[in-house]
Amino acid sequence: MKKLETLLDKGVLNRVVFKVILLVAVMITAVPYLHERVGGYVKFVLFYGLIIIACEFLTKRYMNVVKDKMSIFLILFGISYFVTVIINRDLNFGSNFKAFIYMMVFFVLLYMVPKKKMTKDLVKEIELVSAVVVVGTFVLSLACFLTFVFSISGEYRIESGLTYYGMYDHRLWGVYNANTGSTLNCISIILSASFLSKPRKKIYRNFIIGNIVLQYICLLLTGSRAALYMLFLLMILVAVVVCIRKYAEYRRTKKLRLVLICLIVSGFISGAFFATNYVVKEIVSYVPGVVKVIGNIFIGDGSQSNEVEKYDLERLEEVENREGGFFTGRTDLWKASLKAFEESPIFGITRENLFNKAEKYLENDLWAKNLKVGGTHNIYICILVSSGIVGFVLMAIFATYTIFKGLLTIIRNIDVIDPWFLTTFLLIIMFFVTEFVEARILYRVGIFNVLFWLYCGYLANFLKNEKEEIVHEPIKETI
């Protein structure tokens, strides 16, 4: 038993090892081309996770989980979904049961904390895992950006249909999908900014700054409104926190003065943000043209024009006024899904049955592929339809408690709170907001599912440490 304890604490059965391996696996499979070829191997990583869970049970490490209110709600949600799978066993039982197992592995290994870590140790783990995310997103975004720079674009077929690489519809798809890329860009920027909150070696600091610039440019090229506005709102939130901390002793500062300062800073950030977006987008739009001209000069035959062309970066569906409106067809998916919900409102129809049950209710068949690949494109509707009222209520309690507990902790400790606590909280808020137009953090294995539960688990550990030693770093050392 002692050897098993050692393997769990410092060996191959350590949770951190599992988290890093899982992160690398889902970042690789975020690329559709690679997902088709190696995606099946991810199940071996999840089997590795099941071995860790079994060993942790043998060493009786789960007694603390039973005492944790939020973990209990997740366990109850899992049980309710198992009931849903059994009720709907006549259709896609195998796929739904696998989804249930994967979901429980993530709940247990990424969120639940059987052996609490002190804040200092927790921050070390977060920095290690976040470094993996930053480096991974840097490599992926660099590949995406290079497809734009060298005008590399096209299409290829995968199991779910045609997909694209490079620029498509005046949006940067790069090596995966514009919506996937934009969210990863936003996450990478947030994590990189957190690394800059503390002193770093010059070479690391330069890399982090370079990554922020690259992610920002790629974010603009994706043309994603949700991710861009989310980044803007997070910047405002961080600015407000910094203002309160800077004019510290904020409890002795007049509230009206503090509000005015926050409004002025927010206004300045708003103007600077949107002005910068416009300028950077204008500059970047000439990059492919410049590269083409340079290529013509050095390796061309002189027959092509040396005039620099500007690439049009305005979303094509907006220019052409396509069907679907501002939400690009999502409202049709929501209506169809809610009609399917009426067939089994208490326990739901399961996630894997969503397409089979909701397709017939679509008003326009144009959105059938979107329903098949991305589901409802709204996680809240997805939970309601897939897990029914029972599952929806349980997850709503979990989400509400997480947000309000996090907010109260920040308010109580705002002048000395650890930057990584603020980062994990902002990431979770980002997911809760962007998932109004996506459905990626439950039921299926993917990069966003893993990232959400990973950082949600870190936030839970921070919240458990609140009364003891969460506020271990003074403001002047972190800002």
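Atom-to-atom distance recorded for L231:CG and T183:OG1 is 11.5 Å, nearest 0.5 angstrom. Once rounded to the nearest 0.5 Å, the distance linking CZ of R225 with CG of N179 reads 9.5 Å. Interatomic distance, N206 CG to R200 CZ, rounded to the nearest 0.5 Å: 14.0 Å. To the nearest 0.5 Å, atoms CH2 (W367) and CG (L362) are separated by 10.5 Å. Summarising the geometry, atom CD1 belonging to I190 is positioned 4.5 Å from atom CG belonging to L234; distances are rounded to the nearest 0.5 Å. Interatomic distance, M103 CE to R351 CZ, rounded to the nearest 0.5 Å: 12.0 Å.
Residues M430 and I187 approach most closely at CE-CG1, 3.5 Å, considering heavy atoms. The shortest heavy-atom contact between L109 and I52 is CD2-CG2, 3.9 Å. Taking each heavy atom of N92 and E352 in turn, the nearest pair found is ND2-O, 3.2 Å. Between E359 and A368, the shortest heavy-atom distance links the atoms OE2-CB, 4.3 Å. Nearest heavy-atom pair across C262 and V240 is SG-CG1, 4.0 Å. Taking every heavy atom of both residues into account, H35 and T29 meet most closely at CB-O, 3.3 Å.
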Show me, pair by pair, the donor-acceptor contacts under 3.5 angstrom made by side chains of residues 379-389, not counting sequence neighbours?
from: Y380; atom 1: OH; to: F432; atom 2: O; distance (Å): 2.5
from: S386; atom 1: OG; to: C382; atom 2: O; distance (Å): 2.8
from: S387; atom 1: OG; to: Y443; atom 2: OH; distance (Å): 2.6

Side-chain donor-acceptor pairs under 3.5 Å in residues 133-142, sequence neighbours left out?
from: T137; atom 1: OG1; to: V133; atom 2: O; distance (Å): 2.8
from: T137; atom 1: OG1; to: V134; atom 2: O; distance (Å): 3.0
from: T137; atom 1: OG1; to: S188; atom 2: OG; distance (Å): 2.8
from: S141; atom 1: OG; to: T137; atom 2: O; distance (Å): 2.9
from: S141; atom 1: OG; to: N185; atom 2: ND2; distance (Å): 3.2
from: S141; atom 1: OG; to: Q215; atom 2: OE1; distance (Å): 2.8
from: S141; atom 1: OG; to: Q215; atom 2: NE2; distance (Å): 3.3

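A distance-only check finds a donor-acceptor pair linking the side chain of K43 to the backbone of G40 [under 3.5 Å]. A donor-acceptor pair under 3.5 Å is absent between the side-chain atoms of K198 and the main chain of P419, judged by distance alone. Using a distance-only test at 3.5 Å, with no hydrogens or angles considered, a donor-acceptor pair links the side chain of T222 to the main chain of L219. Looking only at distances, a side-chain donor or acceptor of N88 sits under 3.5 Å from a matching main-chain atom of G348. The closest donor-acceptor contact from the side chain of Y311 to the backbone of P288 lies at 3.5 Å or more, if one exists at all. Judged purely by atom type and a 3.5 angstrom limit, R37 uses its side chain to pair as donor or acceptor with the backbone of Y33. For the pair N378 (side chain) and F436 (backbone), a donor-acceptor distance under 3.5 Å is present. Listed for the S80 side chain is a donor-acceptor partner under 3.5 Å among the backbone atoms of F77.
L427 is listed as a side-chain neighbour of L191, based on a closest heavy-atom distance under 4.5 Å. Residues T350 and Y81 have side chains in contact (heavy-atom distance under 4.5 Å, counting atoms from C-beta outward). The shortest distance between side-chain heavy atoms of F93 and V85 falls below 4.5 Å. Within the 4.5 Å cutoff, the side chain of T147 has heavy atoms near those of the L172 side chain. When side chains are defined from C-beta on, L196 counts as touching I212, because their heavy atoms get closer than 4.5 Å. Between F150 and V291, some side-chain heavy-atom pair lies under the 4.5 Å cut-off. You'll find the side chain of I126 reaches within 4.5 Å of the side chain of Y455, heavy atoms only. Two residues are said to be in side-chain contact when any heavy atoms from C-beta on lie closer than 4.5 Å; R171 and L313 fail this criterion.
For the salt bridge (charged side-chain N to carboxylate O under 4.0 Å, His left out) test, residues two or more places apart in sequence or in another chain that qualify with K360 are E343. Residues meeting the side chain to side chain contact (heavy atoms under 4.5 Å, CB included) test with Y401, sequence neighbours left out: K69, M70, K405. E282 is linked by a salt bridge (charged side-chain N to carboxylate O under 4.0 Å, His left out) to K310, counting only residues two or more places apart in sequence or in another chain.
Side-chain rings of F106 and F452 stay apart, their centers remaining 6.0 Å or farther from each other. No close placement of the W420 and F425 rings is indicated, their centers lying 6.0 Å or farther apart. Ring-centre distance between W173 and Y168: below the 6.0 Å cut-off.
Residue pairs meeting the side chain to side chain donor-acceptor pair (under 3.5 Å) criterion with at least one partner in residues 421-432, sequence neighbours excluded, are S194-T423.
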Could you check Y361 against L371 for side-chain contact (heavy atoms from CB on, under 4.5 Å), going step by step and ending with a plain yes or no?
-> CA-CA 11 Å; Y361 296 115; L371 179 65; over 6 Å; no

Check step by step if side-chain contact (heavy atoms from CB on, under 4.5 Å) holds for I447 and M27.
-> CA-CA 6 Å; I447 180 65; M27 279 196 283; 3.5 Å; yes

Show the numbers, then the answer: is there a side-chain contact (heavy atoms from CB on, under 4.5 Å) between L338 and E342?
-> CA-CA 7 Å; L338 288 173; E342 294 174 3; 5.9 Å; no

Can you list the steps and then say if R330 with E438 is a salt bridge (Lys or Arg N to Asp or Glu O under 4.0 Å)?
-> CA-CA 9 Å; R330 286 180 173 86; E438 299 292 347; 3.1 Å; yes

With side-chain contact (heavy atoms from CB on, under 4.5 Å) as the test, would you mind laying out the steps for E36 and T163 before giving the verdict?
-> CA-CA 12 Å; E36 289 278 298; T163 191; over 6 Å; no

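No hydrogens or angles considered: a donor-acceptor pair under 3.5 Å links the side chains of N211 and S192.
Sparse packing is recorded around CD of E309, with 12 or fewer heavy atoms of other residues, nucleotides or ligands lying under 6.0 Å away. For I203, the CD1 atom sits in a loose shell: 12 or fewer heavy atoms of surrounding residues, nucleotides or ligands are nearer than 6.0 Å. The environment of CZ in F273 is crowded: more than 12 heavy-atom neighbours from other residues, nucleotides or ligands sit within 6.0 Å. For F274, the CZ atom sits in a packed shell: over 12 heavy atoms of surrounding residues, nucleotides or ligands are nearer than 6.0 Å.
Relative orientation of the F100 and F82 rings is tilted, given thresholds of 30° and 60° on the angle between their planes. Using bins of under 30°, 30° to 60° and over 60° for the plane-to-plane angle, the ring pair Y111/F398 lands in the perpendicular bin.
A salt bridge links E125 to K19: at least one charged side-chain nitrogen sits closer than 4.0 Å to a carboxylate oxygen.
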